[in-house]
4 protein chains.
Amino acid sequence: MSVTSSPNDRTLTTRGKDRRDALMAFATTQFAEKGFHPTAVSEIVDGVGVGKGVFYWYFSSKDELLLNILRDALRDLRRNQNRAIRGADDPIQCLELGIRSTLTWSIEHPEVIRLVMFAWTEEQFAKDMRRGRRIVISDTARHISRAMDAGLIEQGDARVMATAVRGVSDELARQFAISGDLLDDSVIETAVRFCLRGVVGDSTRTPT
Amino acid sequence: MSVTSSPNDRTLTTRGKDRRDALMAFATTQFAEKGFHPTAVSEIVDGVGVGKGVFYWYFSSKDELLLNILRDALRDLRRNQNRAIRGADDPIQCLELGIRSTLTWSIEHPEVIRLVMFAWTEEQFAKDMRRGRRIVISDTARHISRAMDAGLIEQGDARVMATAVRGVSDELARQFAISGDLLDDSVIETAVRFCLRGVVGDSTRTPT
Amino acid sequence: MSVTSSPNDRTLTTRGKDRRDALMAFATTQFAEKGFHPTAVSEIVDGVGVGKGVFYWYFSSKDELLLNILRDALRDLRRNQNRAIRGADDPIQCLELGIRSTLTWSIEHPEVIRLVMFAWTEEQFAKDMRRGRRIVISDTARHISRAMDAGLIEQGDARVMATAVRGVSDELARQFAISGDLLDDSVIETAVRFCLRGVVGDSTRTPT
Amino acid sequence: MSVTSSPNDRTLTTRGKDRRDALMAFATTQFAEKGFHPTAVSEIVDGVGVGKGVFYWYFSSKDELLLNILRDALRDLRRNQNRAIRGADDPIQCLELGIRSTLTWSIEHPEVIRLVMFAWTEEQFAKDMRRGRRIVISDTARHISRAMDAGLIEQGDARVMATAVRGVSDELARQFAISGDLLDDSVIETAVRFCLRGVVGDSTRTPT
DNA sequence: AATGAATGAGACTTCATTCAT
DNA sequence: TATGAATGAAGTCTCATTCAT
């Protein structure tokens, strides 16, 4: 591997991996706290205690760093969802488990929620956001479609519903985490119930 | 009155009001298109065809301009909602009309949706956002509470539900307007229905 | 008198004279307090309660305003000196009275001292300062020369001595007025004595 | 160490020190020539042939630069005085040597004299000036007090006299250096003599 | 691998001055 | 005469990025 390979396709040593992770972690909190633009690269490297050169060794630019953070987050969210629905078979149950895991994850990662909001506002990042959203919506829509096909719920626009579900998760994460409000399990239950009712159309089902 | 009076408490002539509006309108589109930070004040004044000084005659800073845009937007949204539910009495109907008007407004103002997303990411704006959200949520929660009190829907956390409703509107505005996807009336219907089901808990009610 | 005559050769009505004086007085305190450049024309007109147009009706520029203040001050200082030595005939006595009046005047006009200091630092004003100093030094040097010619003091460079005398006055005004220190008559006496000794060369003379 | 360490506590390389000195030297001449405010930072960096960023690497602001110049000058002046009176023991002789060295230094640094004059006119610098003056006056007053205690001169206000002495030096530096007039050794002799007479009170002493 | 000095375009903002009203 | 909206050059300062060491 050549020393002058670009930051993206560099094979990292363990120490390298740690450094990279530290930079990403610190940047994430700073970006979330102060915003992307108000956070200078120098603050990030200072916070981690390395020189500026290190930063540009691991990331080709500040933009690229944000993109990496965002991609990692999406990967982590989906991994969580997949883990949550593993074993379940009933589409409605899959839906519920998915919603619950998304909600939990979002609430546990308020910084990411902020970063995502920001990313939507500048085209160089929005492109990635669109792709990410398509994936997330598809994941949810798949369960809804399956439920429709199985006759469990009436026919309808699965993607619109999936979008609505996604909106509820994000909004609650924002309201209760970002806004600084308290948040307990009952809120999650209310939200999950709200979504299931919205999709399924009756309130007889009780969440597990 | 005085020359050094701050831009905020300046009495404007008709022409002045127009100039100010033009600046806000142009800035809104630019901020939405390129992002807040990437849009330079010089681009805004160039776009409107005035000197850089006028900008600071009307707004004390670029930040202040965004805040003004955001406040105006909130005022307009609420005015729309109030107009929509005027005459209606049944809380559920008020809720429905409110949701529909919010959804419509959000879809008609995708730029504002972007600006709001950005505003949440930097503390100097987020403060205002929190206040705005509190207001909007209260507006919706009021209807839900009334419905609960009237026994029309089962008891529950009205604010959480209002938040969920708000999330659906925002998300759809983003998904279908910002993301560039198409959006037609059937989508709005699906969304309204989703929200009502989520709140009311059964699908027997059909939206108008 | 044409309406478009330049500000300098305009004949002023009583009200006009008052306005002009008010502007100069207010500007003097502001310039002394905050400095020339940090004081904006808008602050001056606001402070006096007039529009910007008025300012440029009376003064062709901010620089011109300062120049006017400075010239007025010099005129006032010399008028004071002349009044003080009126009637005296002995050159040494004239010198003493002149020193005392200069000292008193300087201490009573600390703002002017500041303005003069500033004026020396920018060429467009320094030119005037050089002229003014030449005049003031000549006034003092004249007495010293007369004393030399009369054999009252030994021959020497009268201008250098006059300069030294001037330096003592200015410095004391700065030290005790600008620096905020207290200043009483005994200080003035010490200073006058210092100067007389410096010029005359013996301490037998006692100041009045 | 850290990249965002403030320019004040940065350890400089030899090249860095040189650059910093070059910036200060060039700024000093420009400030003295055109004035502080009329001299733009861009002129300074252009004059030295560096990018605008280096300026802010070495100085946190234009104000800070002036303060640094002023402090260095004071340090240099005092170093010169201490060197001049080294070995002397007689307080009157110390006084004389001190006056002579101050006068010489002031005349050799007319730019600094201008900068100091300016500095007195704006509060953010005046604070430093007051402190500096206190120090310089004390240095001189110490010798005068010692002379009084030793009965070499009559009792009196040593600080006022020291101030007067200081005034003579400054004024001469201004008159003969800044004003563009000629200045030779005889002027210095006249001035030294003037001061000694002023303090000591008789003309029998002849300066060395 | 790492550092941090250096770059310089460009950001936001101020303000002396003009001029239509 | 008087006002204050408008101008726009110029000012100070920031910061992503590069590169010699």
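So that the names make sense, note that chain A is the first sequence line, chain B the second, and so on, each numbered from 1.
In this entry the distance linking NE2 of A:His37 with P of F:dC13 reads 23 Å, nearest Å. Between D:Tyr56 atom OH and F:dC15 atom C1' the separation is 14 Å, expressed in whole Å. When rounded to the nearest whole Å, the span between CD1 of C:Ile44 and C1' of E:dT17 equals 13 Å. The separation between A:Leu65 atom CG and F:dT17 atom C1' is 14 Å, rounded to whole Å. The nearest whole Å value for the distance from the CD atom in C:Glu43 to the P atom in E:dT17 is 15 Å. Summarising the geometry, the separation between NZ on B:Lys52 and C1' on F:dG11 is reported as 11 Å, rounded to the nearest angstrom. Counting to the nearest Å, the P atom of E:dA1 and the CG atom of A:Asp18 are 13 Å from each other. Rounding to whole angstrom units, CZ of residue D:Phe55 and P of F:dC15 are separated by 17 Å.
If you find the closest nucleotide of DNA chain F to D:Ala40 and to B:Gly51, the one lying nearer the 5' end belongs to B:Gly51. Comparing D:Thr39 and C:Gly49 against DNA chain F, the residue whose closest nucleotide sits nearer the 5' end is C:Gly49. Closest-nucleotide positions on DNA chain E for B:Phe36 and C:Val41 were compared, and the one nearer the 5' end corresponds to B:Phe36.
In this structure, C:Arg19 reaches the sugar-phosphate backbone alone: every heavy-atom distance under 4.0 Å involves primed, P, OP1 or OP2 atoms, never a base. Contacts of C:Val54 with the nucleic acid, taken as non-hydrogen atoms under 4.0 Å apart, include base atoms. As judged by a 4.0 angstrom heavy-atom cut-off over every strand, D:Val45 is placed among residues making no nucleic acid contact.
For E:dA2, one of the phosphate oxygens OP1 or OP2 lies less than 4.0 angstrom from a side-chain nitrogen or oxygen of A:Tyr58. Put simply, D:Arg15 has no side-chain N or O that comes within less than 4.0 Å of OP1 or OP2 on F:dT21.
Between atom CD of residue A:Glu64 and atom CD1 of residue A:Ile69 there is a gap of 11.0 Å, rounded to the nearest 0.5 Å. Between B:Leu66 atom CG and B:Asp128 atom CG the span is 9.0 Å, to the nearest 0.5 Å.
When side chains are defined from C-beta on, A:Gln30 counts as touching A:Glu43, because their heavy atoms get closer than 4.5 Å.
Here F:dG8 sits opposite E:dC15 as a Watson-Crick or G-U wobble pair (both hydrogen-bonding atom distances under 3.5 Å). Nucleotide E:dA20 is matched to F:dT3 when pairs are restricted to Watson-Crick or G-U wobble geometry with both distances under 3.5 angstrom.
Within the 6.0 Å centre-distance limit, the rings of D:Phe118 and D:His37 are counted as a close aromatic pair.
The base of E:dT13 does not come close enough to the side chain of B:Lys62 for any donor and acceptor atom to sit less than 3.5 Å apart.
Listed here is the closest heavy atom pair of A:Ser42 and A:Lys52: CB-CE, 3.8 Å.
Listed nucleotides: F:dT17, E:dT3, E:dT13. Nearest to the side chain of B:Ser61: E:dT13.
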